[in-house]
J.: 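First, the structure itself, so that you have it in front of you.
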Amino acid sequence: MVTPVHSSKLRIYNTLSKDIEEFQPINKDKVGIYACGLTVNDYMHIGHARTYLIWDVLVRYLRFKGYKVTYVSNVTDISIDDKILKRLKEENISFQQLIEKYTMAYFEDRESIGLLRADVHPLATQHIQEMIELIKKLIEKDYGYVTEDGVYFNISKFKEYGKLSGIRSQELIAGAGGRIKADEYDKENVGDFALWKKTNTDEPYWYSPWGIGRPGWHIECSAMSMKYLGESFDIHTGGEDNIFPHHENEIAQSEAATGKRFVKYWLHTRHVLLGGEKMSKSYKKLIYLRDAVKKFGSLNLRLYLLQTHYRKQLLYDEKGIEEASLTVNRIKKAIQFLQLFILKNISSNVGENLIDTIENKRIEFIEAMDDDLNTPLAIKSLQDIAKEILQYIESYGPIDSKFSLKILEILDPIITIIFGNLYSREIRIDMSKYFWIVEKMLEERNLLRKEGNFEKADIIRNKLKEMGIEIEDFKFGSLWYISKIT
RNA sequence: GCCGGGAUGGCAGAGUGGUUAUGCGGCGGCCUGCAGAGCCGUUUCACGGGGGUUCGAAUCCCUCUCCCGGCUCCA
């Protein structure tokens with residue numbers, strides 16, 4: 001087994017301090033991470049995918065570094081507004097059916113780009129009681145107050161309000177271009193936000209000490225994250241649009257209730273832009289993940305999304321996804337050629353000095369990841385690795401099976417960080433079941449080539465191509481790899 | 001208006017004081033039965049404008065211009 005480099009420390013950008021900090025978990029090697037999940041009233045789009053992808057990489061990387069990670073990501077299945085009510089009519093289904101449909105789609109989509117399942121995916125609707133308890137506590141501590149239409153959080157009581165977003169309450173009131181109409185709600189401060197909203201019975205509702213209704217949006221994340229990770233935990237993530245008001249309000253509620261620091265590191269992704277504008281549901285400017293996966297393939301898409309640093313806006317560009325396929329192919333090839341050498345049980349004694357090169361590139365990879373998850377740079381070292389392997393084979397011939405195995409052992413963990421579950425599914429595929437038949441066909445093809453019967457030789461090559469198998473001819477013979485799983 | 005992030009070669013995209021990022025594309029060559037892939041070379045100061053600090057700046061400081069995001073349900 002290859003042991004990860006522990007000497008280097010992960011440095012990450014914390015929105016709270018607006019600075020890159022050395023990552024130091026609250027409890028030695030245990031890490032609690034809460035990733036703000038999807039509101040399941042529509043299919044996941046590319047912007048969501050990018051965000052969940054980088055947290056997937058983060059969790060995998062933390063585990064790679066030896067941390068014991070508890071990964072929690074919620075499913076917001078309470079999202080009711082006029083638009084949703086309209087959709088229910090359009091699709092002629094109940095609220096429950098709509099939520100179920102998109103929750104299932106959400107998990108399918110996550111799986112399609114190789115995302116880990118979180119340790120817990122709590123549903124908001126199953127934690128109403130926890131939310132009510134939290135609201136009760138806030139009322140007891142005088143941070144919450146009850147009005148005609150619900151329960152609100154008084155932001156003027158929480159001195160540190162605004163510490164995450166930099167938006168202070170007075171500015172909120174005066175600023176925001178008067179978009180918030182103070183008299184619309186029965187609130188003490190314009191910036192006060194709902195903990196519980198009273199509703200009519202014609203919308204989905206739950207019982208509470210303050211009458212029937214539904215919880216405010218922010219309370220679910222406070223209640224569920226603290227339930228599964230404790231009152232203080234390490235990492236809380238989301239898209240940049242969550243910074244204000246969502247995460248600001250979460251901090252206020254949680255810290256007001258417990259008197260403790262809620263979260264140590266706040267991490268946020270920047271948006272994916274489409275035609276210069278934010279990809280979002282409300283503007284109808286979006287590309288669904290499932291459509292992009294269908295069009296470009298999950299490996300290419302996953303690599304493409306990680307080829308821009310997560311704190312940089314990503315301008316969605318289809319040409320870029322197509323380009324990513326070249327890197328993907330090269331990696332596939334390098335890995336599968338090594339697998340092939342193992343299957344062939346090559347004992348050439350070739351390849352020992354390649355291991356050092358690979359090991360150095362592995363360290364480069366780790367250094368890049370430690371630097372605030374610099375995936376574009378980490379991917380560059382994967383590109384280098386693939387190139388080194390292929391060049392080496394070209395120059396020195398088949399690599400000894402014991403060295404091939406050693407190299408794969410070094411590479412498996414780091415490539416999996418980038419490609420997630422897709423690595424074993426689409427890159428390091430089990431070649432053994434194809435091995436005998438393909439080798440036999442290659443033997444035949446090479447015989448035909450020697451005879452100069454290229455026409456028949458090409459028929460075999462085309463047949464293999466139809467099976468999703470590509471051939472590469474070297475001086476020492478032909479190698480093959482599975483480019484498409486059929 | 002307030003808060004935040006940017007501007008790098010034809011394109012995408014790293015790099016924070018001195019050495020080739022990388023990938024794609026273009027051009028020339030090599031390899032190959034062919035194709036693909038690969039390899040080598042090349043694509044003249046790549047670092048938004050101006051000023052400053054320094055022996056030396058894409059990298060630090062000042063200033064200007066432009067772009068983007070958040071401030072409203074949002075990843």
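Naming convention: chains lettered A, B, ... in sequence-line order (proteins, then strands); numbering from 1 in each chain. This is a predicted model, so every value here is computed, not measured.
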J.: Whole Å only: how far is the CZ atom of A:Arg445 from the C1' atom of B:rG36?
T.: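 Going from CZ in A:Arg445 over to C1' in B:rG36 covers 11 Å.
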J.: Considering only the C1' atoms, how many Å lie between B:rG50 and B:rC39, rounded to the nearest integer?
T.: 45 Å
J.: Could you give the distance separating B:rU53 and B:rG13 at their P atoms, to the nearest angstrom?
T.: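 Taking atom P in both B:rG13 and B:rU53, they lie 35 Å apart.
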J.: Heavy atoms only, 4.0 Å cut-off, all strands: where does A:Arg50 land among base, sugar-phosphate and nothing?
T.: nothing
J.: What is the separation between atom CZ on A:Phe244 and atom C1' on B:rC2, rounded to the nearest whole Å?
T.: 11 Å
J.: Calculate the interatomic distance between A:Asn300 atom CG and B:rC24 atom P; express it in whole Å.
T.: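 Taking atom P of B:rC24 as the reference, CG of A:Asn300 is at 14 Å.
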J.: For B:rG23, does either OP1 or OP2 sit under 4.0 Å from a side-chain N or O belonging to A:Lys387?
T.: yes
J.: Heavy atoms only, 4.0 Å cut-off, all strands: where does A:Gly238 land among base, sugar-phosphate and nothing?
T.: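 A:Gly238: backbone/sugar contact only, no base atoms under 4.0 Å.
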J.: I want to check one thing: is the phosphate of B:rG13, taken as OP1 and OP2, less than 4.0 Å away from some side-chain N or O of A:Thr308?
T.: yes
J.: Can you tell me how far P in B:rG10 sits from the matching atom in B:rG5, rounded to whole Å?
T.: 29 Å
J.: What heavy-atom pair brings A:Ile78 and A:Ile128 nearest, and what distance separates the two atoms?
T.: CD1-CD1, 3.8 Å
J.: Is there a donor and acceptor pair closer than 3.5 Å between the side chain of A:Arg461 and the base of B:rA35?
T.: yes
J.: A:Asp458 has an atom CG; how far is it from atom P of B:rA35, in whole Å?
T.: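 Checked: the CG to P distance equals 11 Å.
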J.: Looking across every strand, which nucleic acid part, if any, lies under 4.0 Å from A:Ile471 by heavy atom: base, sugar-phosphate, or nothing?
T.: base
J.: Rounded to the nearest Å, what distance is computed from the NE2 atom of residue A:His309 to the P atom of nucleotide B:rG13?
T.: 13 Å
J.: Indicate, with a heavy-atom threshold strictly under 4.0 Å, whether A:Gln313 touches base, sugar-phosphate, or nothing.
T.: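 The residue A:Gln313 makes base contact.
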J.: Determine the interatomic distance between P on B:rC64 and the same-named atom on B:rG26; round to the nearest Å.
T.: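 The answer is 43 Å between these two P atoms.
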J.: Among B:rG69, B:rA37, B:rA21, which nucleotide has an atom closest to any side-chain atom of A:Glu472?
T.: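 The listed nucleotide nearest to A:Glu472's side chain is B:rA37.
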J.: Do the side chain of A:His121 and the main chain of A:Arg117 share a donor and acceptor less than 3.5 angstrom apart?
T.: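 Side chain of A:His121 to backbone of A:Arg117: no pair is present.
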J.: Between atom CG in A:Leu377 and atom C1' in B:rG23, what is the gap in whole Å?
T.: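 In whole Å, B:rG23 C1' lies 13 Å from A:Leu377 CG.
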J.: Compute whether any side-chain donor of one residue and acceptor of the other, for A:Glu322 and A:Asn300, lie under 3.5 angstrom apart.
T.: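 On atom types as modelled, these side chains do not qualify, holding no pair under 3.5 Å.
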J.: Compare side-chain N and O positions of A:Arg270 against OP1 and OP2 of B:rG70 and report whether any pair is under 4.0 Å apart.
T.: no
J.: Roughly how many Å apart are B:rA21 and B:rC61, using the P atom of each and rounding to a whole number?
T.: 24 Å
J.: Does B:rA14 have OP1 or OP2 sitting under 4.0 Å from an N or O in the side chain of A:Lys312?
T.: yes
J.: Can you check the distance between B:rC67 and B:rU72, where both ends of the measurement are the C1' atom (answer in whole Å)?
T.: 23 Å
J.: Considering only the P atoms, how many Å lie between B:rC55 and B:rC66, rounded to the nearest integer?
T.: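 Taking atom P in both B:rC55 and B:rC66, they lie 35 Å apart.
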J.: Considering just the side-chain nitrogens and oxygens of A:Asn374, establish if one lies under 4.0 Å of OP1 or OP2 belonging to B:rG15.
T.: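 Yes, within the criterion.
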J.: Given B:rC39, is OP1 or OP2 found less than 4.0 Å from the side-chain N or O atoms of A:Gln391?
T.: yes
J.: For A:Gly37, answer base if it contacts any base atom (sugar-phosphate contacts may also be present), sugar-phosphate if it contacts only those atoms, and nothing otherwise; contact means non-hydrogen atoms under 4.0 Å.
T.: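 Sugar-phosphate, backbone atoms only, no base.
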J.: If you draw a 6.0 Å radius around CD in A:Glu455, do more than 12 non-hydrogen atoms from other residues or ligands fall strictly inside?
T.: no
J.: A:Tyr392 has an atom OH; how far is it from atom C1' of B:rC39, in whole Å?
T.: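 After rounding, the reported distance stands at 17 Å.
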J.: With the side chain counted from C-beta on, respond yes when A:Thr375 and A:Met369 share a heavy-atom pair under 4.5 Å apart, and no when they do not.
T.: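 When only atoms from C-beta onward are counted, A:Met369 and A:Thr375 do touch, with a gap below 4.5 Å.
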J.: Would you kindly give the OH-to-P distance between A:Tyr161 and B:rC3, to the nearest whole Å?
T.: 17 Å
J.: Under 3.5 Å, is there a donor-acceptor pair linking the side chains of A:Thr51 and A:Thr269?
T.: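 Result is yes, a qualifying pair exists.
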J.: For nucleotides B:rU42 and B:rG23, find the distance between their P atoms and express it as a whole number of Å.
T.: 15 Å
J.: Check for a donor-acceptor pair, side chain of A:Glu220 on one end and backbone N or O of A:His127 on the other, with a separation under 3.5 Å.
T.: no
J.: Look at the side chain of A:Asp473 against the base of B:rC34 and say whether a donor-acceptor pair falls under 3.5 Å; ignore hydrogens and angles.
T.: yes
